[in-house]
Amino acid sequence: MKGATERQLEVLVMLDDLTDISPPSIRELAKALGMTSTNSVYEHLNRLKKKGLVRRGRDRTTRAWGLTELGRAAASAKRAADAYEEVSA
């Protein structure tokens, strides 16, 4: 299975950031990412789920998405890479 795309990693990091308060809705996640389509966010989340980076809660509500341990590690790595790029630029 291929790794996550750059956009999928952005979705992963944003989900992690927004989950600190409470799990975001798909619409809230789309707005935070500057996306107009909630379907696009849903597709990214489903692909991330297949890659084992996010999970869906048992209640299957729109706010039931969360990161797996692997997803948290990937989000941290993405943040570190972004910080390095900022310092290097």
Side-chain angles (χ1 to χ4, degrees):
M1 180 177 293
K2 295 172 79 174
T5 65
E6 186 69 23
R7 189 60 168 164
Q8 288 170 351
L9 289 173
E10 291 171 5
V11 171
L12 191 67
V13 168
M14 187 61 67
L15 178 62
D16 191 31
D17 290 346
L18 294 176
T19 303
D20 286 344
I21 301 163
S22 69
S25 67
I26 300 293
R27 186 168 309 283
E28 290 166 340
L29 194 52
K31 184 177 180 181
L33 290 162
M35 299 172 133
T36 56
S37 171
T38 55
N39 191 49
S40 294
V41 174
Y42 188 74
E43 289 299 319
H44 283 303
L45 289 171
N46 278 321
R47 288 188 178 106
L48 289 166
K49 182 181 175 199
K50 287 180 183 176
K51 294 175 183 185
L53 299 173
V54 299
R55 59 175 165 60
R56 186 122 191 227
R58 290 188 183 136
D59 60 358
R60 300 187 57 80
T61 65
T62 60
R63 296 179 184 267
W65 293 95
L67 275 65
T68 63
E69 289 302 315
L70 183 59
R72 281 190 186 85
S76 293
K78 169 73 172 135
R79 284 189 193 96
D82 289 349
Y84 179 78
E85 284 181 20
E86 280 185 29
V87 172
S88 298

What pair of heavy atoms forms the shortest contact from A4 to L48, and how long is it? CB-CD2, 4.2 Å
Residue pair A74 / L12: nearest heavy atoms and the distance that separates them: CB-CD2, 3.7 Å
I'd like to check L33 versus R7 (side-chain heavy atoms, cut-off strictly below 4.5 Å). Are they in contact? yes
Flag the pair Q8 / E43 as yes when at least one side-chain heavy-atom distance between them is below 4.5 Å, and no otherwise. no
Pick one: which of V54, V11, L29 meets side chain to side chain contact (heavy atoms under 4.5 Å, CB included) with H44? V11
Which atom pairs, one a donor and one an acceptor, fall under 3.5 Å between side chains of residues 14-21 and the rest of the protein, sequence neighbours left out?
from, atom 1, to, atom 2, distance (Å)
D16, OD2, R79, NH1, 3.3
D16, OD2, R79, NH2, 2.9
D17, OD1, R79, NH2, 2.6
T19, OG1, L15, O, 2.4

Sidechain-backbone polar pair: R55 side chain, K49 backbone, donor-acceptor under 3.5 Å: no
Membership question, hydrophobic clusters at under 4.5 Å side-chain separation (ILVMFWY): are L67 and L45 in the same one? yes
Are any non-hydrogen side-chain atoms of N46 and W65 less than 4.5 angstrom apart? yes
Look at the side chain of T38 and the backbone N and O of I26, then say whether any donor-acceptor pair between them is shorter than 3.5 Å. no
Selection residues 80-89 - residue pairs positive for side chain to side chain donor-acceptor pair (under 3.5 Å), sequence neighbours left out: K78-D82
With sequence neighbours left out, write down each residue that passes side-chain contact (heavy atoms from CB on, under 4.5 Å) with E28, or none if nothing qualifies. P24, S25, R63
Working to the nearest 0.5 angstrom, can you tell me the gap between L53 CG and L70 CG? 5.0 Å
Residues S37 and A30: closest non-hydrogen pair is O-CB, 4.3 Å
